[in-house]
**Q** 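Got a structure for you, written out below as structure tokens; questions coming shortly.
In what follows, chains carry the letters A, B, and so on, assigned in the order in which the sequence lines appear, proteins first and then strands, with residues in each chain numbered from 1.
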Amino acid sequence: MPRVAMLDTGEQYLCQDGETVLAGMERLGRAGIPVGCRGGGCGICKIRVVSGEYDGRKMSRACISQEEESAGYGLACRIVPRVDLQVEIVGGMRKGIMKHAPERVQ
Amino acid sequence: MSVTGVLRPGHIVLRVLDLNEAVYHYTQVIGLFETGRDDQGRVFLKAWDENDHHSVILREADSAGMDYFGWKVDSEATLDDLAAKLEASPLARDTVWHAPGEQLATGRRFQFTIPTGHRIELYATKETLGCMTGYSNPDPWPDGLRGMAPSRFDHALLYGRDIDGTLELFRDILGFDLAERVVGPDGEFLIGAFLTCSNKAHDVAFIRSDQDNRLHHVSFILAGWHEVLHAADIISKRNVSLDIGPTRHGITRGETIYFFDPSGNRNEVFAGGYIWYPDRPTITWHDSEIGRAIFYHDRKLNEAFLSVTT
């Protein structure tokens, strides 16, 4: 079973064979990579794979450009490790709702 | 006053990353029925109690989200009248007429972009297939239902920047009413607008965001709380990506559960709400109470629910 190391938090966990980086983290009750739609559409769980080989399933081009994909960026919900991976967390919850007009932001 | 002008949400076109996965989700998990495919590969679906040919269209693409949202109006004359008003308004941009048949089983459509960046269209004519119980001495529900089995596509919630402009367009040109609104600390700045063109608590809603043309969720209606719990069972049974619920909204009073399709578009199935009449005052929610406005039981904000859109 491939081991995923989240460099930001220092935590590691084991993914089952064929399981995505995000699904493995959630199944073990770990936190670190933000969890969004789990379907490659919203971009919240964006990571950079620093080392290790993986298979990437189709993910939204609006979230990951071709150049980013070539540079090891991807969505954790669509990345299946082939071997141990080291990953950096890139994505995060964007502030979804605007409660103030832009000029009133303190 | 009877429902005239814009009648209801007619169809929503969703972009999906994998068409087969999406068709499985919308037909077997949610329980819509496939009614056609076109030469672009788009798949057309309807719910069991809907009369018209389709209400959901799936298109495979390299990103998730919404292509456009169509509204049925009561006549071709109303379509011409509203199109002329929209053409004359600075609130509607990039207006275009689509010929009959460009969308399967659908008459001519007038499409435009609203201030929040979404593509909206109006049409008056669509072929009918009839609801699955028929119209002569019908049973209350048909055989052959599967999945969550909603009776209708009900509404969508959309995110964008200029919700003031979009509210003005829907209210002043299309004749919608503002059933509920969410306002900021000054009591005026509009954060959310829940709009109805019918007797429902909402037919479409808009939330202020810093990004335009975003889809928050597509919603289907169930018959009651027990069906919402049944949908929750299906979400676990089918290993569907759960967002939040089952719970209740303060806004619109709906009983609800949220989940994601395989491409990350958020879906809702819900029940309840209340009956809207045009002489009912608009409900106002203040942002200090936004937790219970959104999730009445938890009474706190859920970051993923607010932040995740496609």
**Q** May I ask you to check whether over 12 heavy atoms, not counting those of Arg82(A), lie within 6.0 Å of atom CZ?
**A**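 Yes.
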**Q** For the CZ atom on Arg48(A), are there more than 12 heavy atoms of other groups (residues, nucleotides or ligands in this structure) within a distance under 6.0 Å?
**A**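 Check passes, neighbour count above 12.
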**Q** What's the shortest heavy-atom distance between Val35(A) and Ala304(B), and which atoms?
**A** O-CB, 4.1 Å
**Q** Are any of the side-chain heavy atoms of Lys99(A) and Ile290(B) separated by less than 4.5 Å?
**A**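 Touching, per the 4.5 Å side-chain cut-off.
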**Q** Between the side chain of Arg38(A) and the main-chain N/O of Val240(B), is any donor-acceptor distance below 3.5 Å?
**A** no
**Q** How about OH on Tyr296(B), more than 12 heavy atoms from neighbouring residues, nucleotides or ligands closer than 6.0 Å, or not?
**A**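 No, the 6.0 Å shell around OH holds no more than 12 heavy atoms from other groups.
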**Q** Show the nearest heavy-atom pair for residues Lys58(A) and Asp62(B), with the distance to one decimal.
**A**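 Between these two residues, the closest heavy atoms are CE-CA, 4.2 Å.
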**Q** Under a 4.5 Å cutoff for heavy-atom pairs, which residue among Leu242(B), Asn265(B), Ile163(B), Leu190(B) has the most contacts with chain A?
**A**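 Highest number of pairs under 4.5 Å: Leu242(B).
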**Q** Any idea which of Ile207(B), Asp210(B), Val183(B) has the most non-hydrogen atom pairs under 4.5 angstrom with chain A?
**A**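 The candidate making the most pairs under 4.5 Å is Asp210(B).
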**Q** Might you confirm whether atom CZ of Arg248(B) has over 12 heavy atoms from other residues, nucleotides or ligands at distances under 6.0 Å?
**A**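 Enclosed.
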**Q** Answer with side chain, backbone, both or neither: which region of Ile97(A) has an atom nearer than 4.5 Å to a non-hydrogen atom of chain B?
**A**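 Contact with chain B involves both backbone and side-chain atoms of Ile97(A).
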**Q** Looking at Arg266(B), His216(B), Gln211(B), which one has more heavy-atom pairs under 4.5 Å with chain A than the rest?
**A**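 Highest number of pairs under 4.5 Å: Gln211(B).
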**Q** Taking Ala64(B), Ser263(B), Gly184(B), Gly192(B) one by one, which has the highest count of heavy-atom pairs under 4.5 Å against chain A?
**A** Ser263(B)
**Q** Locate the shortest heavy-atom distance separating Arg78(A) from Leu17(B); write the atom from each residue and the value.
**A** NH2-CD1, 4.3 Å
**Q** For chain B, find which of Cys77(A), Pro34(A), Cys37(A), Gly41(A) contributes the most heavy-atom pairs closer than 4.5 angstrom.
**A**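 Among Cys77(A), Pro34(A), Cys37(A), Gly41(A), the one with the most close pairs to chain B is Cys37(A).
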**Q** For Cys42(A) versus Thr309(B), what's the shortest heavy-atom pair and its separation?
**A**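 That would be CB-O, 3.6 Å.
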